[in-house]
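These numbers come from a predicted model, not from an experiment. In the text below, chain A, chain B and the rest are named by the order of the sequence lines, each starting its count at 1.
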Number of protein chains: 2
Amino acid sequence: MKLSTRARYGTRALLDLALHADSGPVRLKDIARRQDVSLQYLEHLVAPLIGAGLVSSIRGPRGGLVLGKRAGEIKMSQVVEVLEGSTAPVECVTNPDTCNRSATCAVRDLWVEIKDTVDGVMASLTLAEMVERQKKKEETKAEMYFI
Amino acid sequence: MKLSTRARYGTRALLDLALHADSGPVRLKDIARRQDVSLQYLEHLVAPLIGAGLVSSIRGPRGGLVLGKRAGEIKMSQVVEVLEGSTAPVECVTNPDTCNRSATCAVRDLWVEIKDTVDGVMASLTLAEMVERQKKKEETKAEMYFI
DNA sequence: TCTAAGTATACAAAGTTAGTCAACAATGTC
DNA sequence: GACATTGTTGACTAACTTTGTATACTTAGA
């Protein structure tokens with residue numbers, strides 16, 4: 001049930017972008033540095049995000065990335081779907097024809113349940129809420145150092 | 001978020017075993033045939049199930065596999081855990097030290113939520129319930145042919 | 001026209017998965 | 001006790017996926 005680094009890094013990159021979106025386009029290079037991902041690998045992860053319209057790019061000097069939609073309109077389920085494909089743990093969930101048992105397989109039903117549950121969790125969370133959570137966590141940490 | 005074939009085949013094999021458990025030990029060979037898995041590969045999948053006590057083996061002629069516990073005492077979460085390891089989608093969920101952001105990473109919190117949800121679904125379902133479901137599905141299918 | 005950015009494609013190293021082969025161990029039956 | 005039947009184990013490998021790197025290219029602002 002592992003996620004690939006695509007989804008992990010990509011999600012973090014998008015959150016990083018959202019967190020720094022106030023001050024104009026955010027350079028990939030800066031995201032790469034802050035998130036400890038190589039610039040060249042990050043380029044691969046950003047491409048599908050741009051393709052899906054979650055991110056827009058601005059070329060040339062002073063260019064960079066901006067969100068393609070408002071953060072409140074970006075569901076985390078969509079982000080993971082774009083980066084990683086379906087969250088179905090097994091092929092037959094999305095494509096029943098790949099297994100001739102699908103119609104009468106109780107095990108498949110379990111995988112379907114799991115996919116639906118996972119999607120539910122991620123669909124109920126937007127990037128804007130992730131930004132809030134992240135800010136809150138950083139504040140709390142800062143306070144802890146202060147004390 | 002893919003499951004490996006270990007978990008898929010292994011789960012099906014265990015359900016198959018539970019379904020045919022009435023008439024004494026079930027031969028691996030028969031499970032392999034019914035489930036379309038090579039005998040030699042299935043042997044590898046069964047090994048950890050035996051190790052975890054979910055299955056017991058009987059050698060020699062008329063031998064085979066039997067359940068190591070009552071089906072009602074076998075949670076599906078345990079089955080998947082034995083076959084596949086933790087359901088955590090990301091390493092840092094079970095082992096926060098693998099990433100120095102863990103303490104202040106909102107993304108990690110999301111992965112934790114997902115793991116807990118998945119575990120919840122699978123922990124609330126026993127092998128006995130899977131057997132019931134499977135029988136019901138087969139009955140329903142038989143009826144459909146009859147009509 | 002120079003430079004700072006993103007874009008695209010090809011390639012490759014490393015690791016994982018899925019599966020086979022082959023020798024072995026235990027046990028019931030005749 | 002010989003033999004057939006069943007499970008056990010470990011070595012090995014082919015294929016695939018992941019995780020990157022390298023390189024050449026495009027766009028656009030100063």
Expected output is a numbered-order residue list: members of residues 38-56 of chain A with a heavy atom under 4.0 Å from any atom of DNA chain C. What is it?
A:Glu43, A:His44, A:Ile50
Taken to the nearest 0.5 Å, the spacing of B:Trp111 CH2 from A:Thr11 OG1 works out to 4.0 Å
Could you tell me how far apart [X] ([atom1]) and [N] ([atom2]) are, to the nearest whole angstrom?
X       : N      : atom1 : atom2 : value
B:Leu65 : C:dA26 : CG    : P     : 17 Å
A:Leu3  : D:dT18 : CG    : C1'   : 13 Å
A:Arg59 : C:dG6  : CZ    : C1'   : 5 Å
A:Arg62 : C:dT3  : CZ    : C1'   : 14 Å

Quick check on DNA chain C: between B:Tyr9 and B:Ile58, whose nearest nucleotide comes earlier from the 5' end?
B:Tyr9
Walking DNA chain C from its 5' end, the first of A:Pro61 and B:Ser4 to be reached, judged by nearest nucleotide, is A:Pro61
With nearest nucleotide decided by heavy atoms, which residue, A:Gly60 or A:Arg8, maps closer to the 5′ end of DNA chain D?
A:Arg8
Contact check, residues 82-89 of chain A vs DNA chain D, heavy-atom distance under 4.0 Å, returns none
Check whether any side-chain N or O of [X] sits under 3.5 Å from a backbone N or O of [Y] as a donor-acceptor pair, and report yes or no.
X        : Y        : answer
A:Gln35  : A:Ala32  : no
A:Gln134 : B:Thr104 : yes
B:Thr5   : B:Arg8   : no

Nearest heavy-atom pair of A:Thr126 and A:Gly72: which atoms, and what distance?
CG2-O, 3.4 Å
Is [Y] paired with [X] through a side-chain N to carboxylate O contact shorter than 4.0 Å?
X        : Y        : result
A:Lys136 : A:Glu139 : no
A:Glu143 : A:Lys137 : no
B:Glu138 : B:Lys141 : no

Go through D:dT26, C:dA5, C:dA18 for me and flag the one nearest to the A:Lys29 side chain.
C:dA5
Any N or O donor-acceptor pair under 3.5 Å from the base of D:dT6 to the side chain of B:Arg27?
no
Just list the side-chain donor-acceptor pairs under 3.5 Å for residues 81-92 of chain A, sequence neighbours left out, or say none.
{"unit_1": "A:Glu84", "atom_1": "OE1", "unit_2": "A:Ser4", "atom_2": "N", "d": "3.4"}
{"unit_1": "A:Glu84", "atom_1": "OE1", "unit_2": "A:Ser4", "atom_2": "OG", "d": "2.8"}
{"unit_1": "A:Glu84", "atom_1": "OE2", "unit_2": "A:Ser4", "atom_2": "N", "d": "3.2"}
{"unit_1": "A:Glu84", "atom_1": "OE2", "unit_2": "B:Met1", "atom_2": "N", "d": "3.3"}
{"unit_1": "A:Ser86", "atom_1": "OG", "unit_2": "A:Ala88", "atom_2": "N", "d": "2.9"}
{"unit_1": "A:Thr87", "atom_1": "OG1", "unit_2": "A:Asp119", "atom_2": "OD1", "d": "2.5"}

